[in-house]
Amino acid sequence: MSAILGTVTPFCSCSSIPLFIGFTNAGLPIGVTFSFLISSPLVDLASVILLASIFNWKIAIAYVIVGLVLAVIGGTIISKLKLEKYIETFVYNNKMIEVEQEELTTRDRVNYSKDQVVEIIKKVWLYILIGVGIGAAIHNWVPESVISTVLGEDKWYSVLLATVVGVPMYADIFGTLPIAEALVTKGVGIGTALAFMMAVTALSLPSMILLKKVVKTKLLFIFVGIVTLGILIIGYSFNTFGYLLM
């Protein structure tokens, strides 16, 4: 349920961390909160529509499924390892206050929804433009031979390299989709492109720096290791069997 909740919330990796703190402070098990932390930036319903328009619905649905599976397995492993002691103490000590619930009319809810739409557009439009710009640069200026030499489907290290390259970057999934489309057009395997997308959205360096303020080093490395291993398995699997979805 936590993984599914992450898919319907439009949060990037950095904005998911305050929710992670709130969930943990409210008493949710850390396995549940980490499951949300994985799925929230990785899978977004709006991005699934864009993914389907760029590739097809089979790939989009498969991406959602593997993203959910990774979130569930990752959260389950962290839960089984009993790593609560590696959460910083301030997370558990935040004071919760009770506030009176405000009664909202239908008009209030509609206006709130409109405000949220505008807020989301403000957050993502720059990343989309940057992604489109990088994708256009790859498509028009980087020779196909160069891309194929480095990240071609026949290269065993392509998924690993795409994952490593994606980690230092920061963008939401909307910004990475145009780049993935340009890479696939140049002959890069679908699994390699998806691994790049997942690394950027789930393991971006800024979000890991924020997460380090919340969890201790051992738990951070376990989280990164689980997600990285999951991305590599997903990437190589798509490269091997992705033709069935094309």
Side-chain angles (χ1 to χ4, degrees), residues 2-7 11-21 23-24 28-44 62-89 91-92 151 155-173 176 180 189-240:
S2 178
I4 293 173
L5 176 63
T7 67
F11 299 113
C12 65
S13 54
C14 288
S15 57
S16 297
I17 292 175
L19 291 171
F20 168 83
I21 295 173
F23 290 158
T24 305
L28 293 182
I30 64 167
V32 173
T33 56
F34 269 101
S35 183
F36 174 85
L37 192 61
I38 295 171
S39 69
S40 184
L42 206 57
V43 184
D44 184 283
Y63 177 82
V64 173
I65 292 172
V66 296
L68 285 172
V69 170
L70 175 56
V72 172
I73 292 176
T76 301
I77 292 173
I78 290 174
S79 177
K80 296 295 184 182
L81 292 177
K82 306 294 183 183
L83 300 170
E84 286 80 2
K85 62 182 178 180
Y86 296 106
I87 301 286
E88 295 291 351
T89 54
V91 174
Y92 295 111
L151 294 174
K155 302 296 187 295
W156 66 267
Y157 56 80
S158 61
V159 173
L160 177 62
L161 181 59
T163 303
V164 172
V165 170
V167 169
M169 300 182 184
Y170 175 70
D172 60 10
I173 194 170
T176 59
I190 183 66
T192 304
L194 292 181
F196 171 78
M197 283 175 49
M198 297 174 87
V200 172
T201 54
L203 294 174
S204 66
L205 188 58
S207 66
M208 293 302 100
I209 293 172
L210 284 176
L211 188 59
K212 179 61 181 68
K213 304 294 184 181
V214 180
V215 303
K216 296 178 181 178
T217 303
K218 182 175 182 178
L219 179 51
L220 179 65
F221 275 109
I222 291 173
F223 169 74
V224 171
I226 290 171
V227 177
T228 301
L229 180 61
I231 290 174
L232 292 176
I233 293 173
I234 290 168
Y236 283 114
S237 298
F238 267 89
N239 272 356
T240 303

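Contacts of Leu220 classified as side-chain contact (heavy atoms from CB on, under 4.5 Å), with partners at least two apart in sequence or in another chain: Met208, Leu211, Lys212, Val215, Val224. Judged as a side-chain contact (heavy atoms from CB on, under 4.5 Å), and not counting sequence neighbours, the contacts of Leu83 are Ile30, Ile78, Leu81, Tyr86, Leu219, Ile222.
Considering only heavy atoms from C-beta on, Leu42 comes within 4.5 Å of Leu70 through its side chain. The closest side-chain heavy-atom distance from Met197 to Leu194 is below 4.5 Å. With a 4.5 Å cut-off on side-chain heavy atoms, Ile87 and Phe20 count as touching. Contact annotation: the side chain of Ile38 approaches that of Phe223 to within less than 4.5 Å [non-hydrogen atoms, C-beta and beyond]. Residues Ser2 and Thr33 are not in side-chain contact: their nearest non-hydrogen atoms beyond the backbone lie 4.5 Å or more apart.
Taking each heavy atom of Ile190 and Asn239 in turn, the nearest pair found is N-OD1, 3.6 Å. Residues Ala3 and Ser39 come closest through the heavy atom pair O-OG, 2.9 Å. Across Ala202 and Pro41, no two heavy atoms sit closer than the pair CA-CG, 4.4 Å.
Note that CH2 of Trp156 is 10.0 Å distant from CG of Leu161, once rounded to the nearest 0.5 Å. Separating the CD1 atom in Ile73 from the CD1 atom in Ile77 is a distance of 6.5 Å, to the nearest 0.5 Å.
Counting heavy atoms of neighbouring residues, nucleotides and ligands inside a 6.0 Å radius, atom NZ of Lys213 does not exceed 12 of them.
Tyr236 places no side-chain N or O within 3.5 Å of a backbone atom of Ile231 that could act as its donor or acceptor partner. Formation of a donor-acceptor pair under 3.5 Å by the Thr228 side chain with backbone atoms of Gly225 is not found in this model. Between the side chain of Thr7 and the main chain of Ile4, a donor-acceptor pair closer than 3.5 Å is present. The main-chain N or O of Gly31 is never found under 3.5 Å from a side-chain atom of Ser35 such that the two would form a donor-acceptor pair.
The aromatic rings of Phe23 and Phe36 sit perpendicular, their planes meeting at an angle over 60°, well past the 30° parallel limit.
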